[in-house]
Amino acid sequence: MRTRTAAILVTAAAVGAVIAAPGRAHPATAHQVYTGTGWKIATGNGIRYLGSSSWTVVFYDTTSRTQLTPHAKRTATELYKHTGVTFRVTTTITKGTTTCPTGRTIIMRLTSAVTRSTGTQCPTLTGAANGSRATFALTNWTKATVAGSNEIYRRQVVSHELAHSAGLTHPTTWTTSPAPLMRGDIWGGYRTLTRGHQYTTQDINGLKNLRANATKVPPP
């Protein structure tokens with residue numbers, strides 16, 4: 001009888017210990033971030049993140065390929081450096097069959113049909129950047145300058161539009177020295193030939209957050 005009572009007491013004590021034990025802390029849920037000083041993700045166009053899969057850059061016609069390839073390659077190197085995602089610049093010529101390319105394809109075009117350059121944004125249903133048409137205005141390509149240089153302009157405009165293709169939009173706030181390349185119509189960026197294609201620290205923060213969002217969940 002004494003032994004049985006002791007067993008009951010031990011069992012009760014064990015249950016009490018389980019009840020009294022503090023619960024294990026659950027890891028905090030990491031939420032996607034869409035904006036910061038000098039950068040902004042294009043959620044208005046349905047983009048929330050950049051996945052890890054590689055992209056393919058093609059060209060609308062032979063003139064576009066000849067003019068844009070060297071600049072596309074410089075920018076592809078920059079994008080890989082800051083996101084770890086490969087943007088493979090090919091020699092493929094295609095006009096595409098849809099307004100919004102998919103399968104992480106960018107169709108680059110140099111044309112007189114537009115007066116300003118654009119980089120469209122085509123998301124998946126889950127918000128991943130998934131394709132783009134990067135169109136460059138011929139008049140600006142041949143005549144526009146940054147810091148007195150048409151070549152600096154060309155390097156900046158290609159990096160600017162391909163960052164749109166990857167999922168960034170124009171920021172609403174920024175600091176200067178330098179202002180971000182993604183600033184918008186009055187661009188910031190580096191105004192030298194050797195660095196014109198490079199992203200500033202603020203742009204890089206945007207690219208890194210765009211990529212990091214792939215492993216996070218949308219905010220509540």
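Numbering starts at 1 and runs along the sequence shown. Here the structure is a predicted model, which is why all the values come from computation and not from measurement.
In this structure a side-chain-to-backbone donor-acceptor pair under 3.5 Å is missing from Asn213 to Gln32. A donor-acceptor distance shorter than 3.5 angstrom exists from the side chain of Arg133 to the backbone of Thr99, with no hydrogens or angles considered. Of the possible polar contacts, one joining the Asn150 side chain to the Trp141 backbone as a donor-acceptor pair under 3.5 Å is found. Checked by atom type and distance alone, the side chain of Asp203 pairs as donor or acceptor with a backbone atom of Leu181 at under 3.5 Å. Between the side chain of Arg104 and the main chain of Ser54, a donor-acceptor pair closer than 3.5 Å is present. No donor-acceptor pair closer than 3.5 Å links the side chain of Thr118 to the backbone N or O of Thr120. Between the side chain of Arg109 and the main chain of Phe136, no donor-acceptor pair closer than 3.5 Å is present. Side chain of Thr142 to backbone of Thr139: a donor-acceptor contact under 3.5 angstrom is found. Ser149 places a side-chain N or O within donor-acceptor distance of the main-chain N or O of Ile152, the cut-off being under 3.5 Å. The backbone N or O of Ser64 sits less than 3.5 Å from a side-chain atom of Asp61, completing a donor-acceptor pair.
Val114 and Phe59 sit in two unconnected hydrophobic clusters of ILVMFWY residues. Membership requires side-chain heavy atoms under 4.5 Å apart, directly or through other members. Hydrophobic clustering (ILVMFWY, side-chain heavy atoms < 4.5 Å, transitive): Ile106 and Tyr60 are in distinct clusters. Cluster membership for Leu162 and Tyr153, using ILVMFWY side-chain heavy atoms within less than 4.5 angstrom, is shared. One hydrophobic cluster holds both Val85 and Ile204 under the rule that ILVMFWY side chains link at heavy-atom gaps under 4.5 Å. In the hydrophobic clustering of this structure, Trp55 does not group with Ile107; members are Ile, Leu, Val, Met, Phe, Trp, Tyr whose side-chain heavy atoms approach within less than 4.5 Å, directly or through other members.
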Could you walk me through whether Thr37 and Thr175 pass the side-chain contact (heavy atoms from CB on, under 4.5 Å) check? CA-CA 7 Å; Thr37 301; Thr175 60; 4.0 Å; yes
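Put simply, OG1 on Thr173 and CD on Gln202 are 8.0 Å apart, with the number rounded to the nearest 0.5 Å. Note: Leu68 CG to Met108 CE = 4.5 Å, rounded to the nearest 0.5 Å. For the atom pair Gln67 CD and Leu138 CG, the distance stands at 8.5 Å (nearest 0.5 Å). Atom-to-atom distance recorded for Gln198:CD and Gln156:CD is 11.0 Å, nearest 0.5 angstrom. The structure places CZ of Arg116 at 12.5 Å from OG1 of Thr135, a figure rounded to the nearest 0.5 Å. Of the inter-residue distances, the one linking Arg88 atom CZ with Thr105 atom OG1 reads 9.5 Å to the nearest 0.5 angstrom.
A donor-acceptor pair shorter than 3.5 Å cannot be found between the side chains of Thr215 and Tyr49. For the 3.5 Å distance criterion, the side chains of Ser159 and Thr75 qualify, holding a donor opposite an acceptor. Side-chain contact annotation: Thr92 with Thr94, donor-acceptor N/O pair under 3.5 Å absent.
Taking 4.5 Å as the limit, every side-chain heavy atom of Val57 sits out of range of all side-chain heavy atoms of Thr90. Counting heavy atoms from C-beta outward, Val146 and Arg155 have side chains that stay 4.5 Å or more apart. Between Arg65 and Thr91, some side-chain heavy-atom pair lies under the 4.5 Å cut-off. Looking at heavy atoms from C-beta onward, Val217 lies in side-chain contact with Thr29 at the 4.5 angstrom threshold. You'll find the side chain of His71 reaches within 4.5 Å of the side chain of Glu151, heavy atoms only.
The minimum heavy-atom distance between Phe87 and Ala166, with the atom names listed, is CZ-CB, 4.2 Å. The nearest pair of heavy atoms linking Tyr190 to Tyr199 is CE1-O, 3.6 Å. Listed here is the closest heavy atom pair of Pro101 and Cys122: O-CB, 3.6 Å. The heavy-atom pair separating Thr66 from Pro70 by the smallest distance is O-CD, 3.8 Å. Gly189 and Thr200 get closest at one heavy-atom pair: CA-CG2, 3.8 Å. Scanning both residues, Leu50 and Arg211, for their nearest heavy atoms gives O-NH1, 3.1 Å.
Other residues, nucleotides and ligands contribute at most 12 non-hydrogen atoms within 6.0 Å of the NZ atom of Lys73.
Note on ring orientation: taking the six-membered ring where Trp is involved, the planes of His170 and His160 are tilted (angle from 30° to 60°).
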Per-pair distances, 0.1 Å, donor-acceptor, side chain in residues 38-47, under 3.5 Å, sequence neighbours excluded:
residue, atom, partner, partner atom, Å
Asn45, ND2, Gln121, OE1, 2.6

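Salt bridge status for Arg74 with Glu78: absent, with no side-chain N to carboxylate O gap under 4.0 Å.
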